Amino acid sequence: MDRMPAWADAVLVPLFSIVLAAILSALVILAIGENPVEAFSLMVDGALMRSAGWGYTLYYTTNFIFTGLAVAVAFHAKMFNIGGEGQAAIGGLGVALICLFIPWPHWSLALIGATLGAAAFGAAWAFIPAYLQAKRGSHIVITTIMFNFIAAAVLNYVLVNLLRPAGAMDPATEIFPQATHLPSFQDMFAGGGSLFRGAPANITFFVAVLACVAVWLLIWRTRLGYEIRAFGHSETATRYAGISTVRITVVAMLISGGLAGLMAINTTMGEAERLVMNATEGAGFIGIAVALMGRSHPFGVFLAALLFGFLYQGGAELALWTDIPRELITVIQALVILFTGALDNMVRMPLESVFGTLRRRRSPKPAPTTPSE
Amino acid sequence: MAAPEQTRPAIELKGISKAFGPVQANKDISIRVMPGTIHGIIGENGAGKSTLMSILYGFYKADAGEIFINGTHTEIPDSQAAIKAGIGMVFQHFKLVQNFTVLENVILGAEDGGLLKPSLAKARGVLKHLAEEYELSVDPDAKIEDLSVGHQQRVEILKALYREADILILDEPTGVLTPAEADHLFRILEGLKREGKTIILITHKLREIMEITDTVSVMRRGEMTATVKTAETTPEQLAELMVGRKVLLRVDKVPAQPGRPVLEVENLRHVDESGVERLKGVSLDVRAGEILGIAGVSGNGQSELLEVLGGYADATGTVRVNGQEIPLSGPGSDGRARRHGGIAHVPEDRQHEGLIMPFYAWENVGFGYHDDPRFNRGLLMDNAALQADATDKMKRYDVRPPNPWLPASSFSGGNQQKIVLAREIERDPEVLLVGQPTRGVDIGAIEFIHQEIVRLRDSGKAILLVSVELDEILSLSDRIAVMFDGTIMGERLPDETDQTELGMLMAGMTGATQSRSQGAGHA
Amino acid sequence: DPALIYDLGGKFDKSFNEAAFNGAERWSEETGGSYRDIELQSEAQREQALRRFAERGFNPIITTGFSMSTPIANIAADYPDTKFVTIDGFVDPEEHPNVLSILFSEHQGSFLVGMLAAMASESDTVGFVGGMDIPLIRKFACGYAQGVKAVNEDATVISNMTGTTPAAWNDPVKGSELAQAQISQGADVIFAAAGGTGLGVLQTVADEGAHGIGVDSNQNYLHPDQMLTSMLKRVDVAVADAMEAGADLETGVQVLGLAEDGVGYAVDEYNESLITEEMAAAVEEAKAQIISGEIEVHDYTSDDSCPVLDF
Amino acid sequence: MDFATILQVLDSTVRLATPLLLACLAGLFSERSGVIDIGLEGKMLIAAFASAAFAYYFSQNPVAGIGPIWMGLLMGVLASLAFSGLHGLASITFRGNQLISGVALNFLASGLSVLVAQSWFHEGGRTPSLPDEGRFDGIVLPGALGPADAEAAGRPLSELIAQANPIQQIYSELISGHSILVYVAFLMVPATWWVLFRTRFGLRLRAVGEAPEAVDTAGVSVTALRYGALVIAGVLCGLAGAYLATGLQAGFVREMTAGRGYIALAALIFAKWRPWYALMACLLFGFLQAIALRYQNIDLGAFTVPVQFMDALPYILTVVILAGFVGKAIPPRAGGDPYVKER
Ligand SMILES: Nc1ncnc2c1ncn2[C@@H]1O[C@H](COP(=O)(O)OP(=O)(O)OP(=O)(O)O)[C@@H](O)[C@H]1O
Ligand SMILES: Nc1ncnc2c1ncn2[C@@H]1O[C@H](COP(=O)(O)OP(=O)(O)OP(=O)(O)O)[C@@H](O)[C@H]1O
Ligand SMILES: [Mg+2]
Ligand SMILES: [Mg+2]
């Protein structure tokens with residue numbers, strides 16, 4: 001068992017893993033009779049070489065940051081929140097109600113209101129599973145899966161029967177009032193030019209970045225975060241310390257649900273400017289992959305979200321200009337998750353022995369030490 | 001007794017080395033053990049004893065070295081091979097399936113044929129036989145999780161015997177046993193020895209080494225420093241070989257100066273989750289500047305007593321600290337409230353309760369006190385303050401290595417215990433609850449831990465000590481209460497009692513020696 | 001060149017989007033022209049695809065599905081020289097002169113297949129399976145039920161929706177069970193308007209010896225002599241026509257109903273054995289009356305209510 | 001609800017429960033061995049695709065002596081096994097994160113099935129409709145009324161059954177007439193119980209999920225046991241997928257598992273990782289769905305219960321039952337942790 005330097009573990013392992021995933025993806029592309037080089041350059045071109053491409057990449061990234069953070073916070077408390085999808089959907093309902101029924105004078109106030117609303121609704125949707133887990137031991141994985149389905153039904157009912165403008169075909173609310181429209185990257189950075197033209201990335205991205213910082217502070221700098229982590233590692237020890245397990249379970253899930261709910265600001269208020277059905281589009285599930293890949297650390301979540309944002313946007317470009325089915329992107333995502341997340345030791349083990357050999361060569365006799373002395 | 005010189009050694013290890021990453025756990029170790037003997041191995045925490053034995057059992061693979069069993073060179077790449085070579089091992093941390101029955105655990109890996117029924121039937125017969133032969137009786141249909149540690153250990157031994165092991169390795173078998181259980185174990189070992197089996201015994205207790213082994217090896221920092229005939233050595237000499245300096249084997253303390261009662265407990269009752277009454281009206285008090293030792297066979301309510309007083313089990317009755325009644329259930333009865341009320345608690349199980357193993361040492365040094373204003377600035381925690389505090393405490397308690405940036409899991413048991421003690425004692429509590437303070441800890445660390453507890457007593461604090469080590473109870477306590485079946489059987493003064501009498505009380509027998517000096521220690 | 005954007009269901013949904021694809025292919029075969037198309041996978045891509053195609057000079061840009069109308073309204077003004085077509089969606093022609101909205105009178109077509117269903121039913125019970133409870137599907141259901149009641153006032157219409165998540169459109173197993181349930185309640189003709197889920201409905205209907213009605217494209221071939229008919233929605237024609245017109249496409253609003261042959265019912269070699277002469281005559285008569293306005297089929301989406309069916 | 005309706009609902013329950021049951025038992029084997037498997041969905045999906053694709057292929061290019069449906073089944077199982085192997089590679093051999101591996105497999109199946117289907121059949125990611133020889137027929141048990149009787153009597157089967165005596169009704173409607181995979185699935189329950197609690201393999205399997213170090217020190221290979229469990233899980237998921245595509249349906253449609261893998265996972269937890277409870281849990285889920293499908297718009301006079309409510313009802317009831325009656329589920333202790341000897 002050889003150890004390698006921390007930088008190698010943090011940089012080389014993911015790098016090699018992604019390269020492996022890319023090689024396998026290229027083989028898949030070859031197998032369906034397309035040109036992998038062309039495909040990859042299209043993706044990079046479309047996602048990273050144009051400002052609008054970035055605008056899309058960052059838009060998706062924003063979604064994944066929120067859902068990724070949501071899953072990550074729950075993970076720290078050793079809970080597996082599969083309910084991000086439902087919490088985000090209900091968060092959308094919160095955003096819609098706040099935007100539609102409160103006359104906001106300015107978007108900035110509306111953003112604050114919607115942030116609170118989205119978080120409150122998302123948290124509320126996580127509350128019952130959390131409470132049942134804490135009080136009745138009902139497994140949070142089952143209950144959150146169930147609440148995803150229930151959320152879809154609620155949203156379907158509300159959009160078709162209650163919030164849809166009369167006569168409209170779309171099961172969606174009407175467009176939110178002008179005053180609630182959030183500034184997009186184009187509004188913020190283009191200065192009348194065509195920078196970020198048409199891209200949906202908006203000020204919510206910065207809310208997401210703030211959320212990363214806030215979650216980092218929460219988990220590693222506050223008492224609550226300390227208690228959440230302690231609970232996640234050892235329930236018996238938290239009881240010994242006098243930390244209420246019920247409180248931590250519920251609070252961690254409320255925060256998790258609230259973060260998932262925040263995603264709705266981006267999709268609903270920032271992009272669509274109305275609430276549509278299925279606005280979450282599976283981002284809740286992507287959040288699981290993002291959190292796992294990001295090792296539940298906000299910075300890792302940010303990077304993983306960026307990677308998935310790139311894949312989403314690159315995939316869209318691919319679909320636009322080639323006949324490659326959109327499912328290719330799903331396959332690439334799967335390979336990236338597999339190699340960076342689950343097969344990372346496949347890369348790490350050989351690397352470790354390489355570093356081990358290097359070290360032995362430098363110092364022929366390993367210095368005998370025992371750490372307990 | 002010992003086998004004649006000309007017979008080949010049952011076990012011979014030559015030049016065994018093993019490294020875990022940068023740590024050299026075993027360095028060129030050679031050892032011979034004659035058949036039909038009991039061979040002891042002692043050494044400080046982390047000296048490499050367990051590693052060496054795990055190599056012999058095929059659990060770890062040695063980096064270098066050879067193994068000879070009964071004179072023949074034997075490759076032991078895995079436990080299967082070790083079992084085939086006639087080796088059985090009882091690990092320090094038992095390798096049992098908790099929700100299996102005894103029988104199932106015994107046959108696991110040694111089944112005859114694809115179906116369980118015949119194997120179980122056969123094992124039942126063999127177990128009965130073994131039980132008679134070696135005083136190894138356990139209910140074959142009991143679930144492991146329902147058994148006491150002592151019985152669990154018997155299952156481990158049965159597992160080895162069922163596989164017809166001729167060589168039995170026991171890694172710190174008495175660390176978790178009561179004196180009675182330990183005596184019983186030694187009777188079993190003597191019986192096995194008579195049958196011609198070879199036994200390797202790892203322990204931290206010199207008394208046991210002296211009592212039962214034929215030869216003894218001492219390990220230090222991965223090396224085998226000495227092997228001697230037990231008859232030709234003394235505990236003091238062994239201790240010095242182990243630690244590299246003179247060790248005080250008895251607690252050095254002045255007589256207590258007890259003050260007013262600080263902790264008063266009256267009629268404490270507690271019912272556990274499965275509805276069993278664990279505390280049946282316990283009353284006791286602990287005075288300032290005294291150590292009250294609670295002796296008892298584990299499972300008689302001592303753990304529950306600590307949990308209730310420590311604030312994580314509900315109870316009825318009255319508990320007063322400095323005359324102030326404290327709540328025993330509902331709000332204000334949790335561990336946090338207890339700490340604010342001046343009760344500090346060194347829990348019995350440091351790995352599951354006292355520490356968060358993946359947390360850094362400095363995070364653990366704040367655990368339970370993390371809401372202390374000293375460690376907080378507004379909404380955020382003041383990590384710098386915590387780290388400074390931890391560095392300081394770790395230095396003072398001689399935690400090795402004194403690095404607050406290591407996770408708790410990478411400290412040895414003794415050093416983990418020091419971290420917990422440092423945290424609890426240094427808060428200067430009114431009352432200190434201590435459970436099994438030296439379980440699995442080497443003698444060097446035991447000496448230190450005992451000194452610290454006495455020092456706290458001498459500063460006028462009340463200390464409630466729970467331990468299954470009668471030696472520890474007898475040498476540390478100023479007054480001894482014996483618990484049996486959720487009640488206090490009686491109180492004794494350490495100078496006026498002995499192991500035999502305490503043992504009787506612990507077994508629930510009051511008999512003739514009825515309460516020689518109730519309350520006499522209060523004077 | 002023209003470009004075509006399919007709705008989230010994807011190009012090969014065997015009904016609505018596939019009809020658009022077929023129209024485009026036919027146009028391409030007939031004229032030798034080429035076109036670009038894309039299957040969306042997320043809401044945000046709607047605008048993206050529109051813009052990217054417009055920027056690259058594709059014209060006209062044809063979209064399917066009502067969900068495209070809002071994105072088109074958002075971006076149309078940015079590309080005044082590009083013509084946009086929204087099939088099933090509505091964009092105000094006053095505000096956006098470069099948009100053509102094509103709407104179909106699905107309720108009329110559904111009415112006709114409803115009549116056929118009622119006439120073919122021996123149990124006087126017919127079924128409807130919709131993909132999701134949304135206005136468009138209610139429009140189908142309501143027209144269908146009206147057709148049924150027009151033939152037989154006492155007939156029962158069992159109406160079911162498959163779900164509330166996107167999986168509702170792709171769960172043939174659930175469709176199958178719904179069909180079983182309806183059949184066991186007596187239904188012997190079932191109209192499936194549920195995408196991939198509908199395939200499960202039609203399969204089970206065929207397995208159980210009842211009759212199915214397909215939707216959007218002509219699905220009669222799926223189960224010869226078992227499919228009563230298919231409710232046609234000539235998205236293919238609309239797409240081919242728009243591509244044909246190219247950059248000179250006339251914008252505004254088109255409503256394609258029975259009169260324009262925009263909707264209808266399919267009779268071909270796979271189902272002619274099932275459509276008797278009286279049935280054909282009755283349906284043709286009703287068709288004429290609808291065109292002339294003698295019969296007015298209520299459109300659910302006009303006032304969000306249906307006179308003959310509760311939702 | 002009359003007798004016939006009850007029977008039909010139960011009949012539907014059996015069909016809906018079967019894929020859940022197979023997947024749930026797959027999860028049971030895997031998780032009992034200490035490998036958490038949220039990739040059930042993906043394995044089912046890829047098996048559904050492979051079975052349909054090859055059943056179709058072999059119905060077009062027949063191999064003498066073997067029915068295309070059996071080739072389809074075989075390939076479905078093999079596909080699922082391949083996924084199981086990948087999961088094992090990641091989570092056993094390379095000690096990776098089992099959750100991530102499962103998530104990745106779900107994505108992979110969802111993408112790969114459509115991608116390959118499109119590349120082979122050009123029908124938009126589905127397989128062509130299977131001809132009859134590519135599908136599993138219902139089996140008419142001896143003495144039960146079946147299609148043959150219906151043909152002989154010249155009346156529909158349902159009518160025949162409705163007129164039979166109640167025992168015969170139950171027998172013919174509910175018990176007889178399912179595809180072979182249904183019977184396999186139900187027989188798997190006692191089989192699983194027997195293997196788990198009556199055989200050496202079962203003992204070791206349960207042990208390795210609880211305390212792998214105990215198994216290791218007893219001289220048994222943890223790795224081999226866990227791979228063994230994954231193989232069984234792969235086969236069972238393969239059957240589940242094949243049942244969806246070739247038993248219940250006549251072909252593969254994208255995402256046709258529609259979340260059943262997750263429901264099976266829920267059922268597994270619900271069942272506390274025990275085979276008979278798993279049967280009960282899956283039947284319960286199937287029953288709730290069957291009821292919800294049958295009674296979509298309940299008219300309560302003044303007020304119609306919306307379809308969305310009925311649609312969500314199975315999920316709501318699951319939560320209620322879970323919270324009210326089931327209580328805490330304790331998973332196999334070693335679940336989710338890769339076994340590392342040198343801790
Ligand atoms: N699994 C492991 N991984 C890494 N290092 C280990 C491992 N086990 C032991 N070590 C290292 O090997 C050394 C010897 O450990 P070992 O457990 O053999 O000590 P020990 O003598 O049994 O101690 P104790 O008396 O506490 O039981 C330790 O100091 C530690 O650094
Ligand atoms: N994962 C690890 N990495 C590095 N060192 C380890 C690891 N696990 C254990 N050790 C080392 O192994 C040694 C012995 O560990 P072990 O868990 O046996 O504790 P211990 O000292 O034996 O305590 P106890 O006797 O109470 O069990 C310690 O010195 C510890 O530093
Ligand atoms: Mg040890
Ligand atoms: Mg140890």
Side-chain angles (χ1 to χ4, degrees), chain A residues 1-6 9 75-78 137 213-248 295-296 348-349 352-353 355-356 359-360 362-373, chain B residues 17 19-25 27 44-48 220-223 307 310-313 333-340 345 347 349-359 363-364 366-371 375-376 379-383 386 400-401 403 406 410-415:
Chain A
M1 213 191 66
D2 294 302
R3 298 248 173 76
M4 61 174 153
D9 201 47
F75 262 142
H76 278 291
K78 208 169 194 170
V213 176
V215 167
W216 180 81
L217 278 174
L218 168 78
I219 297 293
W220 278 283
R221 285 291 179 274
T222 66
R223 277 189 298 284
L224 180 61
Y226 177 94
E227 292 179 355
I228 286 176
R229 284 185 299 131
F231 174 74
H233 289 308
S234 171
E235 193 176 329
T236 47
T238 44
R239 284 198 308 127
Y240 155 79
I243 299 166
S244 158
T245 55
V246 171
R247 189 184 119 241
I248 295 295
R295 296 291 187 265
S296 298
R348 187 172 291 120
M349 286 173 184
E352 275 176 348
S353 61
F355 275 96
R359 189 170 41 222
R360 268 191 289 282
R362 250 179 284 132
S363 56
K365 268 191 226 138
T369 45
T370 43
S372 50
E373 295 306 305
Chain B
S17 291
F20 292 106
V23 179
Q24 192 72 26
K27 264 177 277 180
E44 284 185 292
N45 291 124
R220 241 186 103 200
R221 305 187 185 192
E223 284 175 293
E307 284 174 15
Y312 52 109
S333 74
D334 61 5
R336 196 182 300 236
R338 291 290 198 277
R339 285 185 187 84
H340 287 305
H345 182 185
D349 186 338
R350 53 180 169 262
Q351 303 209 338
H352 292 108
E353 293 182 339
L355 295 167
I356 306 279
M357 298 306 275
F359 271 20
E363 289 176 295
N364 271 306
F367 188 56
Y369 301 98
H370 53 277
D371 53 356
F375 302 142
N376 287 278
L379 276 177
L380 300 185
M381 289 182 87
D382 187 349
N383 287 353
L386 267 172
R400 300 180 213 171
N403 178 358
L406 285 179
S410 56
F411 289 89
S412 71
N415 286 303

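A, B, ... follow the sequence lines: proteins, then strands. Residue 1 opens every chain. All values reported here derive from a predicted model rather than from experimental measurement.
Of the two parts of B:L380, the backbone and the side chain both hold a non-hydrogen atom closer than 4.5 Å to a non-hydrogen atom of chain A. Neither the backbone nor the side chain of B:E307 comes within less than 4.5 Å of any heavy atom of chain A. Heavy atoms closer than 4.5 Å to chain A are found in the side chain of B:R339, but not in its backbone. Interface residue B:F359: only side-chain heavy atoms are found under 4.5 Å from chain A. Of the atoms belonging to B:D371, heavy atoms from both backbone and side chain fall under 4.5 Å from chain A. Neither the backbone nor the side chain of A:L224 comes within less than 4.5 Å of any heavy atom in chain B.
Going from atom OG of A:S234 over to atom CE of B:M357 covers 9.5 Å, rounded to the nearest 0.5 Å. Note that CG of B:D334 and CD1 of A:I243 are 9.5 Å apart. Values are rounded to the nearest 0.5 Å.
Residues in residues 230-240 of chain A take part in no salt bridge (Lys or Arg N to Asp or Glu O under 4.0 Å) pair, two or more places apart or across chains.
The side-chain heavy atoms of A:T222 and B:H370, taken from C-beta on, include no pair separated by under 4.5 Å.
Of the listed residues B:G354, B:G311, B:A313, B:P358, the one with more heavy-atom pairs under 4.5 angstrom with chain A than any other is B:P358. Of the listed residues (B:G48, B:A337, B:P347, B:G368), the one with the most heavy-atom contacts under 4.5 Å to chain A is B:P347. Looking only at heavy-atom pairs under 4.5 Å with chain B, the residue among A:L218, A:T236, A:L217 that has the most is A:T236. Counting heavy-atom pairs closer than 4.5 Å to chain B, the top-ranked of the candidates A:S244, A:G225, A:G242 is A:G242.
Below 30°, between 30° and 60°, or above 60°: for A:Y226 and B:F367 the angle between ring planes is between 30° and 60°, a tilted geometry.
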inquiry  = Test side chain to side chain contact (heavy atoms under 4.5 Å, CB included) on A:H233 and B:L355; report intermediate values, then the result.
reply    = CA-CA 10 Å; A:H233 289 308; B:L355 295 167; over 6 Å; no
key: Full working for side chain to side chain contact (heavy atoms under 4.5 Å, CB included) between A:R221 and B:M381   = CA-CA 5 Å; A:R221 285 291 179 274; B:M381 289 182 87; 5.8 Å; no
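With hydrogens and angles disregarded, a donor-acceptor distance shorter than 3.5 Å links the side chain of A:Y240 to the backbone of B:H345.
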